[in-house]
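Structure first, then comments.
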Amino acid sequence: MSVRTRYAPSPTGEPHIGNIRTALFDWLLARHHGGQFILRIEDTDRQRFTEGGVEAQVETLRWLGLDWDEGPDVGGPFAPYTESERLDIYNEHTERLIQTDWAYRCYCSRERLDEVRKAQQARKEPPRYDRHCRELSAEERAQREAEGTKPVVRFKTPLTGETATRDALRGEVTFANDTLDDFVILKSDGYPTYHLAAMVDDHLMEITHVLRGEDWLSSLPRHVLIYRAFGWEPPIFAHVSNIVGADRSKLSKRHGAHAALEYREMGYLPEAVVNFLALLGWSLDDHTEIIDRETLIKHFDIDRLLPNPAAFNADKLLWMNGMYIREMSPEELAARARPFLEKALGHEVEAARLARIVPLIQERIKTLTEIVEMADFFFTEGPLEYDAATLVGKKFADAPARAAEGLERVIAASERVTEWSHEALEAAIRTLADEMGVKAGDLFGVVRVAITGKTAAPPLFETMEVLGREVTLARLREALGRLR
RNA sequence: GCCCCCGUCGUCUAGCGGCCUAGGACGCCACCCUUUCAAGGUGGAGAUCGCGGGUUCGAAUCCCGCCGGGGGCACCA
């Protein structure tokens, strides 16, 4: 039998990095076994539905290259894949549970429910439904119906015994049934709750492995009970831990837990994000860190998944992104970084020029956006922004006249260079430093600020070469003017 | 309050009874390379394996208890 997994988000906002890691594991498991990965939209909460929520999910999966075989957009043998379009299916299944005495209609008002809960909490009892409507007589039920009360349907949880089942990461887990209450499976608005909808869909869609967030673990017995009530064989459940913040609590906005797509905006590469996320709770062996998609697929399996929560290590992600940037061909880096540069500059950049710049900055950036601060001076017109003190630098702080002299002679030497190449420029300026009796590096520092406006920049002579004779000389003269 | 899960360097992890005086990675520090910044190379600091009991010739690895952390307890998913 083919392995079938699913990612079933509810469209309540942008998926954050933790949700996506779970989706990644589901995807990897399916791909590893040559099975199917299904996208299902769980939009059964009309209150929390947000505009664009589905698109955000789809966009994120696409960016990361997590492709699905069946879903709302591509269809499939078990369509529809959007729960709000499957209401008749849930109704039918709810009816079945009522017929078999596994469920009942409950007419309790929210007010009554609140009171019951409050009273229980005051008595320091666990808050749960008191099963008031569990054994309603036919007359009572008829009366409530006549009053026009819209009922919910609750699952009839066994009063005694325990429900034991297996979690692929944690082994046997057991829950006493009397700690469970009669949970709602169909809301009064006719929509199902997650408990019913997800189980019915997982079964109907022939899902074999459910990898989901750890927060579902305490609901596991309910889900197993539902499967048993229908007489179905449950899938393999694996509850993946949550990603936690630096304070070890569930990752949330206050940790700067970003929506997955924000990483795209920050200049992270999808392959780096995938690699990084895969290593949060899973490992290939005791030493491999950089793992490409194919290798991930080849080796991924749930037996190496860890049950304990992992903290998000932003430093490591940044390092990893840098690794991927350096391993890329310069052509590809140019293509990928280009939009970031053009957005910041506000105009298009010439491909040929960018192609000459990229090799100079490739090992100096860790995110795509960093190309902007690293290379913007290649594109600025007119005078650069820096102050005279930076230009003079520490080396010439007490002898600014020497710096000026150096600049003057660099200008003269550059004018004399016949072939505008970094080799010729370096030879000329090194000789000059010798003649002046100053350290080459000290002189280079002044030139660097003059032509880039920065103290940290790409290699000096390659930079001059790319900048060209005209711009280089103009900037050197401009700098000299500021010194005088 | 009740239920469930988790517990190896700051962080991600390897480890599945002897190979562990606990390995790798990020970060940190030092040195080398070097025109700056990076990248790269080398080395270093950093974990009494949460604590306490067992079992065993031998435990990070198995068992029990405790402590700590987290999650859940909705007509939300």
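When reading the values below, keep in mind they use all heavy atoms of this one structure, side chains included, and skip hydrogens, waters and symmetry mates. Naming: A, B, ... by sequence-line order, numbering from 1 per chain.
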Which one, [options], comes nearest to the side chain of [X]?
X	options	result
R248(A)	rA77(B), rU36(B), rG69(B)	rG69(B)
D215(A)	rC75(B), rU35(B), rG72(B)	rG72(B)
M323(A)	rC5(B), rG71(B), rG40(B)	rG40(B)
A456(A)	rC3(B), rU36(B), rA39(B)	rU36(B)
R110(A)	rU35(B), rC75(B), rA14(B)	rC75(B)
P127(A)	rU13(B), rG24(B), rC73(B)	rC73(B)
N313(A)	rC6(B), rG10(B), rG40(B)	rG10(B)
E462(A)	rU13(B), rU35(B), rA77(B)	rU35(B)
V173(A)	rG24(B), rU35(B), rC4(B)	rC4(B)

Review point. R304(A) near the nucleic acid: base, sugar-phosphate alone, or nothing, with a heavy-atom cut-off under 4.0 Å?
Key: sugar-phosphate
Exercise for review: Using a 4.0 Å heavy-atom cut-off across all strands, classify L279(A) as base, sugar-phosphate, or nothing.
Suggested key: sugar-phosphate
Can you tell me the Watson-Crick or wobble partner of [N], both distances under 3.5 angstrom?
N	answer
rU34(B)	none
rC28(B)	rG44(B)
rC76(B)	none
rG68(B)	rC6(B)
rU21(B)	none
rU55(B)	none

**Study point:** Ring centers of H223(A), F155(A) separated by less than 6.0 Å
**Key:** no
Review point. Centres of the F300(A) and W282(A) rings: under 6.0 Å?
Key: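 Yes.
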Determine: side-chain N/O of [X] to OP1/OP2 of [N], distance under 4.0 Å, yes or no.
X	N	value
R430(A)	rU35(B)	yes
S283(A)	rA14(B)	yes
K187(A)	rA77(B)	yes
R170(A)	rC4(B)	no
R117(A)	rC73(B)	no
K366(A)	rA39(B)	yes
T44(A)	rA77(B)	yes

Review point. Taking atom types as modelled and ignoring hydrogens, do the side chains of D201(A) and Y90(A) form a donor-acceptor contact shorter than 3.5 angstrom?
Key: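 Short answer, yes.
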Point to revise | Qualifying residue for salt bridge (Lys or Arg N to Asp or Glu O under 4.0 Å) with D182(A), from K156(A), R105(A), R154(A), R134(A) | key: R134(A)
Check your understanding: When you compare rC49(B) with rA22(B), how far apart are their P atoms, in angstrom units rounded to a whole number?
Key ->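 That atom pair is separated by 11 Å.
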Salt bridge check: are [X] and [Y] linked by an N-O gap of less than 4.0 Å?
X	Y	value
E405(A)	R402(A)	yes
D202(A)	R40(A)	yes
R336(A)	E271(A)	yes

Review point. rC6(B) C1' sits how many Å from D167(A) CG, rounded?
Key: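 To the nearest whole Å, that distance equals 12 Å.
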Quick one: which protein N/O atoms are closer than 3.5 Å to N/O atoms of nucleotides 31-33 of chain B? Pair and distance per line, please.
none

Review point. Where each residue is assigned the nucleotide of RNA chain B containing its nearest heavy atom, which of L217(A) and V152(A) is assigned the position nearer the 5′ end?
Key: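 It is L217(A) whose nearest nucleotide is closer to the 5' end.
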